[in-house]
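All of these numbers come straight from a predicted model, not from anything done at the bench. Reminder, nothing fancy here: chain letters follow the sequence lines and each chain counts from 1.
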Amino acid sequence: MDTKNIHATDHSRVIIHIDIDCFYAQVEMIKNPELRNIPMGVQQKNVVVTSNYIARETGIKKCMLLEDALRICPKIVLVNGEDLHDYRQISYKVTTHLQKYSSQVERLGLDENFLDATSLVETKLKSKHENITAKGHIFGNNENNCDCGCQLRLTVGSEIAQEIRDSIRHEFQLTCSAGIAHNKLLAKLVGAKHKPNQQTLLYPNSTCELLYQLQNVVDIPGIGRAMGDMLKNLGVSTIRELQHLNFDKLKFAFGEEKAKLIQNLSNGIDNSPVKSSGKPTSIGLEDSCRNITAIGEVKDKLNQLMNRLMVLVSEDGRIPRTIKLTIRKFDSISKMSNRESRQTNITTSLFTVKSNSIELQQKSAQRLTSTIMTLFTKMVDVHKPYHITLLGLSFTKFLERMNGKSSITSFFRKNVEVQSITNIENKNDLTTSPMECTPFSYDLSGSESEFEPSPKKTKFSKLIAKRRCFEADDCPSPSKLKVADLRLSSAKNVSSDSSDSKNSFSDDNSNSICCPPNVDAAVFKEIPKELQQEVWNDYKREMNEKQEQKLQPVIKKPKTNTLLNYFLKN
DNA sequence: TGGGGTCCT
DNA sequence: AGGACCC
């Protein structure tokens with residue numbers, strides 16, 4: 001067997017793809033049951049983004065223009081779905097629920113989840129060997145069996161999928177569809193075969209049949225418009241054509257990596273793992289608008305967005321450290337999606353952290369607004385006429401708050417019973433090297449073995465835990481908890497241009513990191529290099545501020561919680 | 001055509 | 001910062 005196809009016969013996993021039926025519409029029908037028996041759609045601006053199945057019977061499709069939808073189905077009742085808040089909340093509840101079945105649950109949008117059920121299946125097979133019957137539809141006519149045992153595993157997978165769908169229905173009154181197969185691609189494709197409130201099982205021997213039912217290469221998830229266009233230029237439009245296209249031609253067009261990826265996909269081969277999603281890495285809002293031409297309108301819209309955004313941040317519970325402003329300029333007819341964005345770091349001290357919420361006091365809100373407007377002027381010359389058709393704000397680089405359930409103490413308690421997704425760290429995140437982690441997610445993230453910290457990190461974690469005891473541990477009043485919500489990365493905050501960590505080291509004439517005189521040298525020695533850097537930067541900044549205050553004794557700067565404070569000797 | 005997200009370059 | 005992809 002040649003190495004290219006070494007995975008073609010690997011059917012060792014059982015993947016379940018769960019797709020909540022017309023998700024937004026279902027949520028709206030839960031909120032208002034009167035919508036259940038009439039054609040209804042969810043509207044965002046001029047688009048009906050989804051609809052219930054009654055409306056679909058009349059010919060309404062996803063993402064249909066309002067005009068067309070009304071023409072096809074004049075009776076359709078439309079609900080505004082521009083604020084995704086409720087959808088988002090229910091979506092995360094469903095994902096959290098799914099995590100009871102497997103630690104590997106990957107979100108895709110708000111309405112889809114992949115679940116790796118392999119170990120669940122193995123467990124089930126050990127205790128049960130009779131009455132194993134496929135649940136739901138089976139795709140294709142299964143003539144030749146595969147002898148690797150996948151048949152049995154996938155069959156058990158279909159039983160599990162049925163259980164999961166039943167439980168989602170009972171817990172949330174939500175119907176969903178599922179696909180069961182040996183990889184993500186196939187699970188997703190086969191799940192689409194029977195749609196509302198059904199499930200479909202694929203045995204590997206029917207893979208080709210499934211693939212050849214697709215009309216075009218862009219029907220394969222992973223091949224989008226850009227690649228589709230390039231493939232068209234290569235004379236490729238069907239799956240079969242992609243399967244048989246000369247690999248060197250494909251390689252020339254896309255590079256070896258991409259070429260192999262998409263040709264594998266065209267053969268139903270997808271080795272990508274189900275990646276645990278954890279918390280979002282960015283939280284943002286957008287508002288498209290007809291015609292914004294005045295600076296006052298811009299500020300107004302941005303303030304509204306910020307108010308809504310703070311609700312989301314507060315619910316999330318982490319402190320963001322960068323903000324990004326996105327705009328779309330009116331551009332008569334050129335390419336769509338011509339967005340521009342600018343981002344900058346922000347001080348965590350902007351946020352007032354209470355036990356139950358995160359807020360922006362007025363002064364902070366004003367400061368934030370002004371930094372956002374600075375970003376705006378980097379993209380728009382406000383002295384000339386302009387025309388903005390979209391404004392968006394989003395937060396990234398979150399700092400974990402180390403209290404409550406996600407605290408380090410609960411980490412050591414090994415309290416691993418199905419945590420809510422909002423408390424789960426990216427423990428499977430292999431893309432982030434330890435040195436790139438923020439200091440306070442450092443000890444919680446990147447632990448490869450389920451929930452056990454690796455030996456190296458334990459030492460550091462214990463140090464942090466000890467220090468925490470000094471400050472707040474025994475009396476977690478809101479004011480004390482605030483001490484734990486540290487203000488970090490002063491150096492990055494000071495420099496207005498976002499710079500790499502490499503660059504931010506050299507913002508002073510002294511590049512070397514020292515232990516500040518007021519910090520316990522033994523502790524300092526044990527913490528990671530980057531953390532040392534932060535502490536040292538805090539110290540330097542404090543010294544600089546003292547200098548400034550000597551020059552301007554009138555100005556009183558509010559005392560901030562710095563990382564340095566955290567490590568100060570008593 | 002919306003209002004989100006993720007990862008890679 | 002933008003571009004690809006996903007819903």
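- Sorted by first and then second residue, the salt bridge (Lys or Arg N to Asp or Glu O under 4.0 Å) pairs involving residues 281-307 of chain A (not counting sequence neighbours) are A:K45-A:D287, A:E286-A:R339, A:D287-A:K301.
- If you look at A:F172 and A:H97, their ring centroids are closer than 6.0 Å.
- Regarding contacts with the backbone of B:dC7, a side-chain N or O of A:K275 is found under 4.0 angstrom from either OP1 or OP2.
- Counting only heavy atoms from C-beta on, A:I283 has its side chain closest to B:dG5 among B:dG5, B:dG2, C:dC5.
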Using the salt bridge (Lys or Arg N to Asp or Glu O under 4.0 Å) rule, take A:K279 and A:E400 through it: C-alpha gap first, then chi angles, then the decisive distance, then the call.
CA-CA 10 Å; A:K279 296 183 182 181; A:E400 194 67 48; 2.7 Å; yes
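- Taking a 4.0 Å limit (strictly below) on heavy-atom distances, residues 57-67 of chain A reaches DNA chain B at A:C63, A:L65.
- Considering only the side chain of A:K45, B:dG3 comes nearest among B:dG3, C:dA1, B:dG4.
- For A:T281 and B:dT6, the shortest distance from a side-chain N or O to OP1 or OP2 is below 4.0 Å.
- What separates NZ of A:K188 from C1' of C:dC5 is a distance of 11 Å, to the nearest Å.
- Rounded to a whole Å, the CZ atom of A:R339 is 16 Å from the P atom of C:dA1.
- For A:D287, whose side chain is taken as the heavy atoms from C-beta onward, the closest listed nucleotide among C:dA4, C:dA1, B:dG3 is B:dG3.
- For the pair A:K184 and A:F114, the cation sits on the ring face: its NZ or CZ lies under 6.0 Å from the ring centre, inside 45° of the axis.
- Of the charged side-chain nitrogens involved, at least one lies within less than 4.0 Å of a carboxylate oxygen, so that A:D19 and A:K195 count as a salt-bridged pair.
- Going from atom CD1 of A:I262 over to atom P of C:dA4 covers 14 Å, rounded to whole Å.
- Contacts of A:G81 with the nucleic acid, taken as non-hydrogen atoms under 4.0 Å apart, are absent.
- The nearest whole Å value for the distance from the CD atom in A:Q44 to the P atom in B:dG4 is 8 Å.
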Show every donor-acceptor pair shorter than 3.5 Å between a side-chain atom in residues 61-77 of chain A and any protein atom, with sequence neighbours excluded, or say none if there are none.
{"residue": "A:D68", "atom": "OD1", "partner": "A:R71", "partner atom": "NH2", "Å": "2.8"}

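- Nucleic acid contact for A:I220: sugar-phosphate only, since backbone atoms but no base atoms lie under 4.0 Å from a heavy atom of the residue.
- Taking 4.0 angstrom as the limit, A:R107 places none of its side-chain polar atoms (N or O) nearer than this to OP1 or OP2 of B:dG5.
- Note on A:Q43: nothing from the nucleic acid sits closer than 4.0 angstrom, heavy atoms only.
- Looking at which nucleotide of DNA chain B each of A:L390 and A:S282 is closest to, the 5′-most match is held by A:L390.
- Following rounding to the nearest Å, A:K279 (NZ) and B:dT6 (C1') show an atom-to-atom distance of 18 Å.
- Minimum atom distance to the side chain of A:E286 is reached by B:dG4, of the listed B:dG2, B:dT6, B:dG4.
- Picking from C:dG2, B:dT1, B:dG4 the nucleotide with the shortest atom distance to the side chain of A:V47 gives B:dT1.
- In this structure, A:R342 forms no cation-pi arrangement with A:F376, as its terminal cationic atom is not both closer than 6.0 Å to the ring centre and no more than 45° off the ring axis.
- Note on A:G392: nothing from the nucleic acid sits closer than 4.0 angstrom, heavy atoms only.
- Rounded to whole Å, atom P of B:dG2 lies 14 Å from atom CG of A:D68.
- In the set B:dG4, C:dC6, C:dA1, C:dC6 carries the atom at the smallest distance from any side-chain atom of A:L108.
- Checking A:T175 against A:D21 by side-chain atom types alone, a donor-acceptor pair falls below 3.5 Å.
- As rounded to whole Å, 8 Å separates atom C1' of B:dG5 from atom OH of A:Y92.
- Between A:I20 atom CD1 and B:dG4 atom P there is a gap of 18 Å when expressed in whole angstrom units.
- OP1 or OP2 of B:dG3 has at least one side-chain nitrogen or oxygen of A:S288 nearer than 4.0 Å.
- Within 4.0 Å (heavy atoms only), A:E82 reaches sugar-phosphate atoms of the nucleic acid but no base atom.
- Looking at the side chain of A:A226, the nearest of the listed nucleotides C:dA1, B:dG3, C:dA4 is C:dA4.
- Between A:K258 and C:dA4 there is no side-chain polar atom (N or O) within less than 4.0 angstrom of OP1 or OP2.
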Show the numbers, then the answer: is there a side chain to side chain donor-acceptor pair (under 3.5 Å) between A:S102 and A:Q104?
CA-CA 5 Å; A:S102 168; A:Q104 288 158 278; 4.7 Å; no
